[in-house]
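See below for the structure under consideration.
Nothing here was measured: the structure is a model prediction, and the numbers come from that model. Note on naming: letters A, B, ... go to the chains in the order of the sequence lines (proteins, then strands), and numbering restarts at 1 for each one.
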Protein chains: 2
Amino acid sequence: MSSVQGGSHAASYERPYRPAQPEGTPVADRRSAIRQAALLLFAAQGYRSTTMADIGAAVGIRGPSLYKHVASKQELLAEIMIGTMEQLIADNIVAVAGADDVRERLRRSVEAHIRYHARHRLEAFVGNREIGSLEQPDQDRVLGRRSDYERRFRELIEQGAAEGTFHVQSTRIASYSILDMGIGVSSWFHEGGEFSVDQLAYQYGDTALRMVGALPHSGTRNGDEPE
Amino acid sequence: MSSVQGGSHAASYERPYRPAQPEGTPVADRRSAIRQAALLLFAAQGYRSTTMADIGAAVGIRGPSLYKHVASKQELLAEIMIGTMEQLIADNIVAVAGADDVRERLRRSVEAHIRYHARHRLEAFVGNREIGSLEQPDQDRVLGRRSDYERRFRELIEQGAAEGTFHVQSTRIASYSILDMGIGVSSWFHEGGEFSVDQLAYQYGDTALRMVGALPHSGTRNGDEPE
DNA sequence: TCTGATGGCTAATGGTCAGTAGCCAAGCTC
DNA sequence: GAGCTTGGCTACTGACCATTAGCCATCAGA
């Protein structure tokens with residue numbers, strides 16, 4: 001066994017070479033595995049503190065090999081952040097579409113917001129913390145979506161206030177407060193804890209309605225079942 | 001003008017040397033100026049992306065000169081983060097001390113919370129975003145204070161719930177929601193905007209009471225004056 | 001069986017950065 | 001005015017890191 005696999009340029013030790021197509025790794029999954037690993041690491045260590053070598057190690061390859069699948073580290077971040085905002089807005093559109101009543105529309109919007117932040121807590125967490133790590137023009141794009149998203153909530157609250165259904169001093173503060181609660185969820189929620197995603201969504205929906213003065217009073221005596 | 005100030009090791013160009021004690025810079029302020037510059041930069045660019053040279057430039061000196069005033073970059077971060085938690089807890093103790101009624105105690109706690117996050121928004125912002133950049137054992141210390149702080153709110157809400165004054169499904173979710181709203185404030189508030197700090201504090205105090213079901217109904221008809 | 005594409009690898013490149021070493025001027029104290 | 005202290009400075013060190021260059025094994029298809 002004298003033939004060294006590394007070729008002429010390599011040192012004379014046995015290189016731990018892995019074949020291009022190892023056992024349990026379907027080729028199409030590689031890219032999404034990398035994305036998932038990046039997400040986990042960005043969330044745990046921050047974008048700047050995560051190295052390409054870290055991401056590579058998480059999927060069983062070396063840092064430079066990642067470039068066979070991905071253009072840059074920045075691209076991984078951009079994908080996560082833009083995807084997050086797109087999904088939030090898409091979910092919101094669906095949520096609102098199902099109801100005419102402002103109260104119900106706000107409830108559903110909040111539930112969708114919470115659901116996303118609980119189910120995709122890492123995306124949401126990274127999406128919030130790493131805005132500054134995103135280069136232009138993507139940063140502006142994400143900030144634009146974010147402000148669109150906030151406007152959707154604000155306009156709902158304005159509408160409710162105009163109708164006399166909601167009672168708030170500032171629609172902007174109300175929308176910020178509601179959204180910020182959701183953002184908070186992404187920093188502490190974990191599956192298998194005290195509450196299910198559905199319970200959480202329902203409770204926050206309730207809380208939001210209280211905040212805008214749309215629940216008659218101490219309300220919320222209907223246990224915990226959602227919908 | 002042939003005498004080069006840089007000494008024998010230096011190159012032969014005119015060095016822009018500043019005297020040890022320049023005009024308008026009282027010596028005692030140097031350290032706090034550095035701290036302030038670090039705070040600004042950490043908030044704007046993040047801890048990892050801020051270099052010692054950046055901080056130096058912000059106070060008119062070179063990066064390495066900072067080490068005459070500060071032990072390390074990490075020390076600057078630790079000071080900010082520990083100081084923030086200490087202050088929040090101290091403010092909370094004072095706020096609660098002034099009242100017996102749970103309702104009033106919660107209101108004052110929330111107002112203090114909001115006031116801090118508005119007045120010291122950079123500290124609060126950095127304090128939240130950079131926990132992961134803080135090395136041990138400081139990180140655990142800060143997390144410990146944070147959890148003490150949360151407990152203070154939660155116990156207040158538990159007490160109110162036991163008395164029948166508050167009505168919530170989960171005291172933990174209620175405390176998290178309230179605190180998260182404040183954290184949000186530190187990310188968007190700016191002096192000179194639509195609301196003063198006092199107005200903000202008052203409105204959030206109101207909102208928090210609504211959230212725990214302690215305001216009879218649509219409430220809040222008393223304009224905007226605090227206290 | 002050849003050949004191109006794919007996806008690994010190591011080595012190198014170019015850059016950045018925290019922190020250290022050592023020099024020096026100004027000012028204070030004795 | 002000698003000498004110490006303070007707080008600047010430049011140069012350097014050691015490390016780290018994203019990305020590129022270029023090599024090669026495997027595999028699919030002709």
Side-chain angles (χ1 to χ4, degrees), chain A residues 3-23 25-34 38 41-42 45-78 133 135, chain B residues 3-23 25-34 38 41-42 45-78 133 135:
Chain A
S3 90
V4 171
Q5 292 176 313
S8 60
H9 68 288
S12 56
Y13 59 86
E14 205 75 22
R15 190 171 69 168
Y17 190 77
R18 255 171 302 270
Q21 198 64 32
E23 339 75 51
T25 316
V27 68
D29 286 2
R30 222 36 193 285
R31 196 169 198 247
S32 66
I34 291 170
L41 287 161
F42 291 167
Q45 316 179 338
Y47 176 76
R48 287 288 306 242
S49 301
T50 299
T51 69
M52 290 303 268
D54 290 339
I55 299 172
V59 298
I61 64 179
R62 301 303 169 102
S65 303
L66 291 170
Y67 290 89
K68 289 281 155 72
H69 305 276
V70 152
S72 67
K73 187 182 166 188
Q74 180 69 202
E75 181 190 85
L76 283 166
L77 181 64
S133 305
E135 288 166 13
Chain B
S3 92
V4 171
Q5 292 175 314
S8 60
H9 68 287
S12 57
Y13 58 85
E14 206 76 23
R15 190 170 68 168
Y17 190 76
R18 256 172 300 272
Q21 198 66 32
E23 341 74 51
T25 316
V27 68
D29 286 2
R30 221 38 193 283
R31 185 152 212 259
S32 65
I34 291 171
L41 287 161
F42 290 167
Q45 316 179 338
Y47 176 76
R48 286 289 304 243
S49 301
T50 299
T51 70
M52 290 303 270
D54 290 339
I55 300 172
V59 297
I61 65 179
R62 302 302 170 102
S65 303
L66 290 170
Y67 290 89
K68 289 281 156 71
H69 304 277
V70 151
S72 67
K73 189 183 167 189
Q74 181 68 203
E75 180 190 85
L76 283 166
L77 181 64
S133 306
E135 289 167 11

Of all heavy-atom pairs linking Val59(B) and Ala33(B), the shortest is CG1-O, 3.7 Å
Heavy-atom pair of closest approach, residues Thr50(B) and Gln45(B): OG1-OE1, 3.4 Å
Please pick, from [options], the nucleotide with the shortest atom-to-atom distance to any side-chain atom of [X].
| X | options | answer |
| --- | --- | --- |
| Ile61(A) | dG8(D), dG8(C), dT20(C) | dG8(C) |
| Arg62(A) | dC9(C), dA18(D), dA18(C) | dC9(C) |
| Met52(A) | dT10(C), dG8(C), dA18(D) | dA18(D) |

How is Ser65(B) classified with respect to the nucleic acid when contacts are heavy atoms under 4.0 Å: base, sugar-phosphate, or nothing? base
So what does Thr50(A) touch, heavy atoms closer than 4.0 Å: a base, only the sugar-phosphate, or nothing? sugar-phosphate
Residue closer to the 5' end of DNA chain D, Leu66(B) versus Pro64(A) (nearest nucleotide): Leu66(B)
Starting from the 5' end of DNA chain D, give me the residue, Tyr47(A) or Lys68(A), whose nearest nucleotide shows up first. Tyr47(A)
What verdict does the side chain to side chain contact (heavy atoms under 4.5 Å, CB included) test give for Phe42(A) and Ile55(A), after you've listed the backbone C-alpha separation in whole Å, the side-chain angles of each residue and the deciding distance to 0.1 Å? CA-CA 9 Å; Phe42(A) 291 167; Ile55(A) 299 172; 4.2 Å; yes
Phosphate oxygens OP1/OP2 of dG8(C): is one of them under 4.0 Å from a side-chain N or O of His69(A)? yes
Report yes if a side-chain nitrogen or oxygen of Arg30(B) is closer than 4.0 Å to either non-bridging phosphate oxygen (OP1 or OP2) of dG8(D); otherwise report no. yes
Can a donor-acceptor pair be found between the side chains of Ser49(A) and Arg48(B) at a distance below 3.5 Å? yes
Regarding Glu75(A) and Arg31(A), does a basic nitrogen lie under 4.0 Å from an acidic carboxylate oxygen? yes
What integer distance in Å separates [X]:[atom1] from [N]:[atom2]?
| X | N | atom1 | atom2 | value |
| --- | --- | --- | --- | --- |
| Glu75(A) | dA18(D) | CD | P | 15 Å |
| Arg48(A) | dA18(D) | CZ | C1' | 11 Å |
| Lys73(B) | dT20(C) | NZ | P | 14 Å |
| Tyr67(A) | dG8(C) | OH | P | 15 Å |
| Asp54(B) | dT16(C) | CG | P | 12 Å |

